[in-house]
Amino acid sequence: MKVHLGTVTLNVNNSLKIYNNLTQSDAKIRTSMERLSSGLKVNRAADDAAGKAISEAMKAQIRGLETSNRNIRDGLSLLDTAESGMGLIIDPNLARMRELTLQAANGTLTADDRKMIQTELDAIKSSIDDIANNTEFNTKKVLSPPTQFTPGESQSTAIDIVFFIDDSGTMAEEISLVNAGINSFAENLSQYGNVNIGTVSVNTSKPGTLSALNNDPKQVSDYISTHHQSEGGLINVYDQLVDFAPTGEKASDLGYRSNSKKIFVILTDTYDEASNHATRETVAQTLTSNNIQSYLFGINFYGGDASAQNQFQSDDAYTFVNQIYKPQTAADVADNISPGLTDAIIRDAELIEEAIEPIDLQIGPNSGHLLRIDLYDCRSEAIGLTDIRVEDYSSAMKTLDQIDQARELMSHRRTIYGAYTNRLEHALRFSENYQLNLTTSESRIGDADIPKEAQSLAQNQVLLQSAQAMLSQSMKQSEAVLMLLK
């Protein structure tokens, strides 16, 4: 009996092909079932690497847009709250004040009648303040907002600072400590004005040792290092302060600018030892008449380490200065110069401006998508109601002018808030439309096509069943051949 091996091989090959088809159908079924159960076409990066990255980026944008939409609605609510408070200030309060003022201007009223009107006007003014102080959104006062301090006219304010340096024999360590902080001192002040710094030695053994005012901190620092080295001698502080003041005989050596703010900083470890013609009273008068802000660094350290304690005890000799700085240890000198002395100069020389802090709304999904809302102080004094009196016709007319100007100002501010509201409503519509379109685009990439996946599942289930049946049939054929060999 002959058994053809070709027949056996053919059956094996058929079985392998059938098995391959079966595994492929099974894999497709599992993929379809995963997509149908999750609703997503891309469940892992392997499904579509580029599509997955694009989908995740779009999802981040979509969630950002959802948040920005909430932010915009919060902004609209804040504006509604503020505008409502403004509306109440305008009508009935300012409207009633105007009505009463016109009534008080009438010559038929007596003095007692005007006093009664004045009482009501004062009450309405208090009511305006109450509305402004109590109108809040999420605890933020929107009609009496907090203030922040900002640099003033930083590019035009000239600041001339003169250091009067005691470079006598006991000051070597102290001079180096102060010199180390000059750069940061000048840098921090420069944002508030155009800063020039000069130096003058108060050591009687070093006459003429001075650095004219200039705006290069490094040059000043180098001059201190090379020319203000400690050397034995008595100190002459009072005379130097008077002589180098803008009205003094040596002022031209420093080169003051005409409209600059003048600052004197005294660096010493002791009292004035050798002044001939100036007293504390003379110095005080000179500083006052020249509108000079003055400060003293009293530093006297025994020992060169950072923990050396300050032994300065001559406060009474410098009662004319704005402030005396006595760093506790050598390590504290730098902080006493900047921000310590810097902050004092900024405050005393009025180099800052008080501004109302605005509100920034994040109205987009990415960095920089901001809309700044300027808040306004609507309290009575802030809107010009400073002198409300109606005891006679003249005062009533002045009060009427104040009220009319206040109404015009408040109406203008309401117009600005109306423009903000329109801007936010436009932004909200754009954001919602952007979110809708982006969601649709992301859905095309990441969401499963349910009908297509259901059709694929059904098709592959039929193919799987067919492959299982054909594999079974192929195995029976092979078994029949094997039976002939028994």
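Predicted model, so just to flag it, every value in this text is computed and none were measured.
- Ionic pairing of Arg96 and Asp91 is not present here: no N-O contact between side-chain nitrogen and carboxylate oxygen is shorter than 4.0 angstrom.
- A donor and an acceptor atom, one from each side chain of Ser201 and Asn203, are nowhere located under 3.5 Å apart.
- For the residue pair Lys206 and His227, the shortest heavy atom distance occurs at NZ-O, 2.7 Å.
- Checked for salt-bridge contact, Lys52 and Glu56 meet the test: a charged N lies under 4.0 Å from a carboxylate O.
- No donor-acceptor pair under 3.5 Å is formed between the side chain of Asp239 and the backbone N or O of Ser275.
- Between Arg413 and Glu408, no side-chain nitrogen of the basic residue sits less than 4.0 Å from a carboxylate oxygen of the acidic one, so the salt-bridge criterion is not met.
- Classification of Lys398 and Asp387 as a salt-bridged pair fails, no side-chain N sitting under 4.0 Å from a carboxylate O.
- Environment of NZ in Lys115: sparse, with no more than 12 heavy atoms of neighbouring residues, nucleotides or ligands closer than 6.0 Å.
- Across every non-hydrogen atom of Leu428 and Ile72, the tightest pair is CB-CG2, 3.7 Å.
- With hydrogens and angles ignored, the 3.5 Å screen pairs a side-chain donor or acceptor of Ser126 with a backbone N or O of Asp122.
- The heavy-atom pair separating Asn133 from Lys141 by the smallest distance is O-NZ, 2.7 Å.
- Looking at Arg379 and Asp377, a side-chain N of the basic residue comes within less than 4.0 Å of a carboxylate O on the acidic one, giving a salt bridge.
- Nearest approach of Gln293 to Asn322, heavy atoms of both residues: OE1-ND2, 2.6 Å.
- Here the shortest heavy-atom pairing between His228 and Val200 reads CE1-C, 3.8 Å.
- Side chain of Asn290 to main chain of Thr286: a donor-acceptor pair is present (N/O by atom type, distance under 3.5 Å, no hydrogens or angles).
- Residue Asp166 holds its CG atom at 12.0 Å from OH of Tyr271, rounded to the nearest 0.5 Å.
- At least one donor-acceptor pair closer than 3.5 Å links the side chain of Thr399 to the backbone N or O of Ser395.
- The aromatic rings of Tyr417 and Tyr376 sit tilted relative to each other, their planes meeting at an angle between 30° and 60°.
- One finds the CG atom of Leu102 at 8.0 Å from the CD1 atom of Ile403 (value rounded to the nearest 0.5 Å).
- The residues Glu66 and Arg73 are annotated as not salt-bridged, no charged nitrogen and carboxylate oxygen being separated by less than 4.0 angstrom.
- In this structure, Arg70 does not pair ionically with Asp74, as no charged nitrogen and carboxylate oxygen lie closer than 4.0 Å.
- Contact between Gly233 and Ser205 at its shortest, heavy atoms only, is CA-OG, 4.1 Å.
- Residue Leu79 holds its CG atom at 5.5 Å from CG of Leu424, rounded to the nearest 0.5 Å.
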